Protein chains: 2
Amino acid sequence: MRGEPLDAETIVSATEEVLRRHGPEKTTVLDVARLLGVSHGSVYRHFPSKAALREAVIRRWLDRVREDLVAAVQDAELTPPDRLRGLLTSMFAVKWAKAREDPELFATFRVLAAEHSTESRSHLAFLLDQIRAVVADGVAGGDFEPCDPEATARAVYNASTRFLDPRHAPEWQSPEIEAEAASVISLILDGMRAR
Amino acid sequence: MRGEPLDAETIVSATEEVLRRHGPEKTTVLDVARLLGVSHGSVYRHFPSKAALREAVIRRWLDRVREDLVAAVQDAELTPPDRLRGLLTSMFAVKWAKAREDPELFATFRVLAAEHSTESRSHLAFLLDQIRAVVADGVAGGDFEPCDPEATARAVYNASTRFLDPRHAPEWQSPEIEAEAASVISLILDGMRAR
DNA sequence: TTGATGACAGATTTCAATAATTGTCATCTG
DNA sequence: CAGATGACAATTATTGAAATCTGTCATCAA
């Protein structure tokens, strides 16, 4: 019924657009099909359920957050402490930027993320792994106190919860948030540095 | 219409009871009056609005949390680092206990606290002050690195968000939470200890 | 006089009927 | 045949009329 062939990617983009316009509660498969000019049956050819479609949307969103993060981290010839500071600062900045540029859309993705814990968990695993790698480097090179990098990475992440967890997004509007984050990062780094 | 005189305290207790039974969405002033065997007009003699009544409930609840915390902190002759560890551990334990013993009631109070930010803020100020006092002691006695106790207390609190903020209560069910909290506390203390 | 009452207006919530959505699938089209 | 369609049953959301609640206040009782 249309010129271009309908594929999953196109459907995901259309879904994102509908989500942007109507929010997570009011987007229906029918809306998505309408935007694409196809019947809703065609959408079900590519996704087995509405939940699967929403999951594809959140997966792509999280993929892009990871891309942004990788782009933001300049893996220069810095020492591990400086690299860890840079990594955390970038993690915060990437999330804060997303949350600030379009708070409603961010809230929408937060709902989707809460719905699909598998995707959220694998995103968390990625973040932890980024931290763990820098910690391991620092321990190996003697910049950090000896420790289990896995456990320490988790502690660092946990201490950063306020600056990373979307549930705290409202607080990210405050102008003080940058100073508070810097203060926590310094506290963490001081705790890890070799004596 | 009743033997005992109706006072604000009695009304607050009855409101707590109704909240416990019906949850925050479904408790009405009429329910409270019914439980007390008075007309709802009598409730309005003591509280100008339903919001004011709910605020009184959350104030008393937070008062009691503070009492529990003060009781839990043994101000023994410990060094400031050990006292800070004990303080944070107690703060976590008190909140976790409340959340675990009756999750629905805890969720109810969370709703009330979100409604009345003034009360929440003054509760936060209390917690920060407890931390600040120990930090100041430690800095004065040379146990901690020199720092601004006010700012450091805030950093310590921010790093503890995951273990203190009611929005994270679901995670407090996990058996790993104690180990994770201990790990973050150690990270924080290592960062503060004098070198 | 102090404190309780219940009628009342306006706002909010409930509930059942109505409409829309989800997911399936037999059918159609190129 | 690959891919799209829309009728359909089951589920979920919307709607609007009726019920309930909030907050006020004139009235009453002790």
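This one's a predicted model, so the numbers in the text were calculated from it and none came from an experiment. First the proteins, then the strands, lettered A, B, ... as listed; each starts at 1.
- What separates CG of B:Leu53 from P of D:dC21 is a distance of 15 Å, to the nearest Å.
- For the ring pair (Phe, Tyr, Trp, His ring centres under 6.0 Å) test, no residue two or more places apart in sequence or in another chain qualifies with B:Tyr44.
- Within residues 15-22 of chain B, no residue approaches DNA chain D, by heavy-atom distance under 4.0 Å.
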Can you check nucleotides 22-26 of chain C for protein contacts, nitrogen or oxygen pairs under 3.5 Å, and list what you find?
from	atom 1	to	atom 2	distance (Å)
C:dT22	OP1	A:Val29	N	3.1
C:dT22	OP1	A:Lys50	NZ	3.0
C:dT22	OP2	A:Val29	N	3.0
C:dT22	OP2	A:Leu30	N	3.4
C:dG23	OP2	A:Tyr44	OH	2.9
C:dG23	OP2	A:Lys50	N	2.6
C:dG23	N7	A:His40	NE2	3.3
C:dG23	O6	A:His40	NE2	2.9

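- Qualifying ring pair (Phe, Tyr, Trp, His ring centres under 6.0 Å) partners for A:His168, counting only residues two or more places apart in sequence or in other chains: B:His168.
- Of all the heavy atoms in B:Ala56 and B:Val12, the pair that sits closest is CB-CG2, 3.8 Å.
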Name the pairs: protein N/O against N/O of nucleotides 9-15 of chain C, kept only if under 3.5 Å.
none

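- Atom P of nucleotide D:dG3 and atom CG of A:Leu36 are separated by 16 Å, given to the nearest angstrom.
- Counting only residues at least two apart or in different chains, salt bridge (charged side-chain N to carboxylate O under 4.0 Å, His left out) contacts with residues 39-51 of chain A are absent.
- Atom CD in B:Glu25 sits roughly 13 Å away from atom P in D:dT22 (whole-Å rounding).
- Here A:His123 pairs with nothing under the ring pair (Phe, Tyr, Trp, His ring centres under 6.0 Å) rule; sequence neighbours left out.
- Taking atom CG of A:Leu6 as the reference point, atom P of D:dA2 lies 17 Å away to the nearest angstrom.
- Under the rule for a side-chain hydrogen bond (donor to acceptor under 3.5 Å, both in side chains), the partners of A:Arg54 that lie at least two apart in sequence or sit in another chain are A:Glu115.
- For residues 90-101 of chain B, the salt bridge (charged side-chain N to carboxylate O under 4.0 Å, His left out) pairs, not counting sequence neighbours, are B:Asp68-B:Lys98.
- Listed pair A:Ser42 / D:dT5 meets the phosphate criterion, a side-chain N or O lying under 4.0 Å from OP1 or OP2.
- Take A:Arg64 and apply the salt bridge (charged side-chain N to carboxylate O under 4.0 Å, His left out) test, not counting sequence neighbours, and it matches no residue.
- Contact check on A:Asp63 versus A:Arg60 returns no salt bridge, with no Lys/Arg side-chain nitrogen under 4.0 Å from an Asp/Glu carboxylate oxygen.
- Applying the side-chain hydrogen bond (donor to acceptor under 3.5 Å, both in side chains) rule to A:Glu119 yields the partners A:Arg59; only residues at least two apart in sequence or on another chain are considered.
- Listed by first then second residue, pairs satisfying salt bridge (charged side-chain N to carboxylate O under 4.0 Å, His left out) with a partner in residues 159-183 of chain B read A:Arg154-B:Glu180, A:Arg167-B:Glu171, A:Glu171-B:Arg167, B:Arg162-B:Glu171, B:Arg162-B:Glu180, B:Asp165-B:Arg167, not counting sequence neighbours.
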